S.K.: 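Pasting a structure here, questions to come.
This one's a predicted model, so the numbers in the text were calculated from it and none came from an experiment.
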Amino acid sequence: MGQPEPRIEARLKVTGEARYASDFPVSNPAFAFLVTSSIAKGSIQSIDLREAKSVPGVLEIFTHENTGELKEVKFGGGASTSIQDLGPKILHDGQIVAMVVADTFEAAREAAYKVDIDYKAEVPSATFKSPGVTEEDASKVSATAKDLPQAGNAEAAFAAAEIKLDAEYGTPAQHHNPIELFTTTAAWHDGKLTIYEPSQFVYGLKNSVAQKLGIDPEQVHVISPFVGGAFGSKAQLTPRSGLVAFAAKKLNRPVKLVATRDQGFTIATYRAETQHHIRIGAARDGKITSFIHEGSEVTSRPDPYSVAGVEDSARLYGYGAVKTHVQLVHADRNTPGFMRSPPVVPYIYALESAMDELAIKLDIDPVELRRINDSMKDATGKEWSSRSLMKCYDQAAQSFGWSNRDKKPGSMRDGDWLIGWGCASAVYPTHLGAATARVQLQANGKAQVLIAAHEIGTGVRTVVAQMAAERLGIPVSAVTVETGDSALPPSPVAGGSNQTASCCSVVMKACDAIKARLLLGADTVGSGTPIGNDSIEEKFKRLGVGAIEEYAEFLPPEGKPDTIKKLYAGTPLLGGGSKGEKLMYALGAEFVEVRINARTREIRVPRMVGAFAAGRIMNTRTARSQYLGAMIWGVSSALHEATEIDPNVARYVNDNLADYQIPVCADIAEVDIILVPEHDDFVNPVGVKGIGELGNVGTAAAVANAVYHATGIRVRELPIRLEKLLGV
Ligand code: MOS
């Protein structure tokens, strides 16, 4: 367990000094405002800009008619962006169809409302089962859904099972809604472009914007030192970035865009709705003989984006046989994308609800059912590198007081309040990416780390500083860390919870190289003659230099000779999880108490306990903060969040923060986080598993299971709102 160092940028953040993308001053900026499509399917017939152009201060209006120079770009997850750029074809509601640029924000906004577009509208397909959707097998079209786990004859084993569970679950569309809006500022100087945009991958943005504009990536510089919430929504190129850069070039003036909250629902990605058909066959003793998980996911018309979480649900326990399938449903919607714990949040909610239902059928305690099926091997025979699931269950159960639970639904009542206790597993693959870094140690004992990591709120600067301090034998306060700038050596996308493991691995390598030079002396490197235990200052004196700098490249086991070159070109490698030689995952157990008012059906969550094992924890303070936020988000998923879609027009209805329900302080009471020690040298040189996406994986199922325990009502469609509990 690492020290609970406070975030090194904490002071900047609390004093408001931290600069986010749209805070950067540029000289004489023009302001942009987007116009988005009011239909979900069809085409633009004509655009009348006369009224809009007559607004004083309007400089130019960009539409599909004058942006033909922008190139098509495909980036990550199979998501294409250009096809949804500007039209004339309309592929989803809220598609960007024009951008007004003016001297002031107000003029741009006024003119944007005066852009008159004549559409030829067709009837759109909104979601599952809407007329006109098309379906396909995800494994045939999506890279994430290739080679999904299959083992033995799961259908036959299910047919022969003593105890069978057959149930369907559903999760709604959700939007990230980071507090920092989707912004882009572009400025050109001497043929070079600087982009200020909140990004989870500055090298990806740099290269894909260059591609979009058809210019050399070396002409593009991305600056993104702090990101005000991302959760996956700022990991990929979206249509706005190239458009703003293009406008700045045409107008020969910096252009600043801050999209509105409602536009954020359709100009970026989101978590699409999913459906699950789960069948589990078990012996009477609780041993699972067959696990069948068939998922369906909504995506856009052109893009086969898929999260395919059966990859993980089918590995979590030692099932006898496994069958998995993922079906994609193409509707007239914007392309979905990563959202915190993309595969496992919906798929593990379904699995962990099913496990609870199975436990009830078997009359076995839900914790014991997990223990019976705990295994160091999955059904395909692959072994876990380390697995502390039951340690997490035991510690969380004890802290929660699980042994006092009366298993009968509705039996634990406190006056008008029905009390329910539920639990569920959390799981997240341990990813590891290729990364580079430059570290400099000075004779005065101060060090500087340069790495294009991404401070998305996770505390990456702090853990990187801790790693450098530890390896160089200096205090954390002597280390400065620069991140979030494409002029720095690249690190992978800050996604898939890989950042701490990847960045700390490369920083460790660079620091060790510095240490080697210091210990041996510059001209005696390799001679094996250590100089002794004198101070850093004395060592430098002996070497006769003022500073030592090392650039390091770190390659995960899946790395190839061109992996680093590809990283510089904006294509990160993320290995690990289920794809490596062993199964590498972080695990946890979450316990929840709900109280449901017997008269009003009001649902409360007075306390939660989460115990998590994720290898080495670099910083117990930032780790706890990640888990807290994640479990709170889990409550949000369970009880509040859903992007409502009007089925007739395929439009998001609650595209604002007043109607998009999330928990407030009054909804969250006690949250107890237990960090379970775990040592795993196999996962990576630093022994770190990812934690950013682990904590919100089990919460929704734990809440659903607790709601069943309180009421005897099994809600299989999230979110669980009181109208689903009428009749208690
Ligand atoms: Mo995270 S949703 O993997 O960017």
S.K.: Are F62 and L251 side-chain neighbours, meaning at least one heavy-atom pair lies under 4.5 Å?
M.R.: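 They are in side-chain contact.
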S.K.: Give me the atom names and distance for the closest heavy-atom approach of G433 to L574.
M.R.: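 The pair with the smallest heavy-atom distance is CA-CD2, 3.8 Å.
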S.K.: Just wondering, do K192 and H221 contact through their side chains at under 4.5 Å, heavy atoms?
M.R.: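 No, side chains not in contact.
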S.K.: Does a side-chain heavy-atom distance below 4.5 Å link I195 with V209?
M.R.: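 Result yes, sub-4.5 Å side-chain heavy-atom pair found.
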S.K.: If only side-chain N and O atoms count, and only distance matters, is there a donor-acceptor pair under 3.5 Å linking E273 with T127?
M.R.: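 E273 and T127 do have a side-chain donor-acceptor pair below 3.5 Å.
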S.K.: Count the heavy atoms of every other residue, nucleotide or ligand shown that sit under 6.0 Å from NZ of K560, and state whether that count exceeds 12.
M.R.: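 No, NZ of K560 has 12 or fewer neighbouring heavy atoms, counting only those of other groups under 6.0 Å.
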S.K.: Would a 4.5 Å heavy-atom cut-off, applied to side chains only, mark I267 and T238 as touching?
M.R.: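 I267 vs T238: side chains apart.
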S.K.: Verify the neighbour count for atom CG of D216: are there more than 12 heavy atoms of other residues, nucleotides or ligands below 6.0 Å?
M.R.: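 Yes, enclosed.
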S.K.: Does R340 count as lying over the ring of F231, i.e. NZ or CZ under 6.0 Å from the six-ring centre, within 45 degrees of the axis?
M.R.: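 R340 over F231 ring: no.
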S.K.: Evaluate the side-chain hydrogen bond (donor to acceptor under 3.5 Å, both in side chains) criterion for residues E297 and S306: first the C-alpha distance (whole Å), next the side-chain angles of each, then the deciding distance (0.1 Å), finally the verdict.
M.R.: CA-CA 7 Å; E297 304 171 16; S306 169; 3.3 Å; yes
S.K.: Do V115 and V100 make a side-chain contact, defined as non-hydrogen atoms from C-beta onward lying under 4.5 Å apart?
M.R.: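 They are in contact (side-chain heavy atoms under 4.5 Å apart), so the answer is yes.
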S.K.: Using only heavy-atom distances, determine whether the side chains of Q499 and S491 contain a donor-acceptor pair under 3.5 Å.
M.R.: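 No, no side-chain donor-acceptor pair sits under 3.5 Å.
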S.K.: Measure the shortest side-chain to side-chain distance between N28 and R253 over non-hydrogen atoms and say whether it is less than 4.5 angstrom.
M.R.: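 They are in contact (side-chain heavy atoms under 4.5 Å apart), so the answer is yes.
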S.K.: Is there a ring pair (Phe, Tyr, Trp, His ring centres under 6.0 Å) between Y660 and H640 once you walk through the steps?
M.R.: CA-CA 8 Å; Y660 187 91; H640 304 271; over 10 Å; no
S.K.: Carefully, step by step, assess K250 and E69 under the rule salt bridge (charged side-chain N to carboxylate O under 4.0 Å, His left out).
M.R.: CA-CA 11 Å; K250 288 283 157 193; E69 292 161 61; 3.2 Å; yes
S.K.: For the residue pair F226 and Y20, categorise the inter-ring angle as parallel (less than 30°), tilted (30 to 60°) or perpendicular (more than 60°).
M.R.: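 Tilted.
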S.K.: Applying the side chain to side chain donor-acceptor pair (under 3.5 Å) test to Y652, which of D659, N334, D646, D262 qualifies?
M.R.: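 Of D659, N334, D646, D262, side chain to side chain donor-acceptor pair (under 3.5 Å) with Y652 is met by N334 alone.
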S.K.: Just do the ring pair (Phe, Tyr, Trp, His ring centres under 6.0 Å) check on F265 and Y270 with the steps written out, would you?
M.R.: CA-CA 7 Å; F265 275 69; Y270 62 103; 9.2 Å; no
S.K.: For the pair R438 and E550, evaluate salt bridge (charged side-chain N to carboxylate O under 4.0 Å, His left out) and give the outcome as yes or no after the intermediate values.
M.R.: CA-CA 6 Å; R438 190 177 292 282; E550 283 286 341; over 6 Å; no
S.K.: Can you confirm whether the side chains of R461 and T483 place a donor and an acceptor under 3.5 Å from each other?
M.R.: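 On atom types as modelled, these side chains qualify, holding a pair under 3.5 Å.
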S.K.: Just by distance, no angles: are the side chains of E197 and S199 close enough, under 3.5 Å, to form a donor-acceptor pair?
M.R.: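 On atom types as modelled, these side chains do not qualify, holding no pair under 3.5 Å.
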S.K.: A cation-pi test, strictly: NZ or CZ of K234 under 6.0 Å from the centre of the six-membered ring of F182 and no more than 45 degrees from its axis. Yes or no?
M.R.: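 Output yes; distance and angle both within limits.
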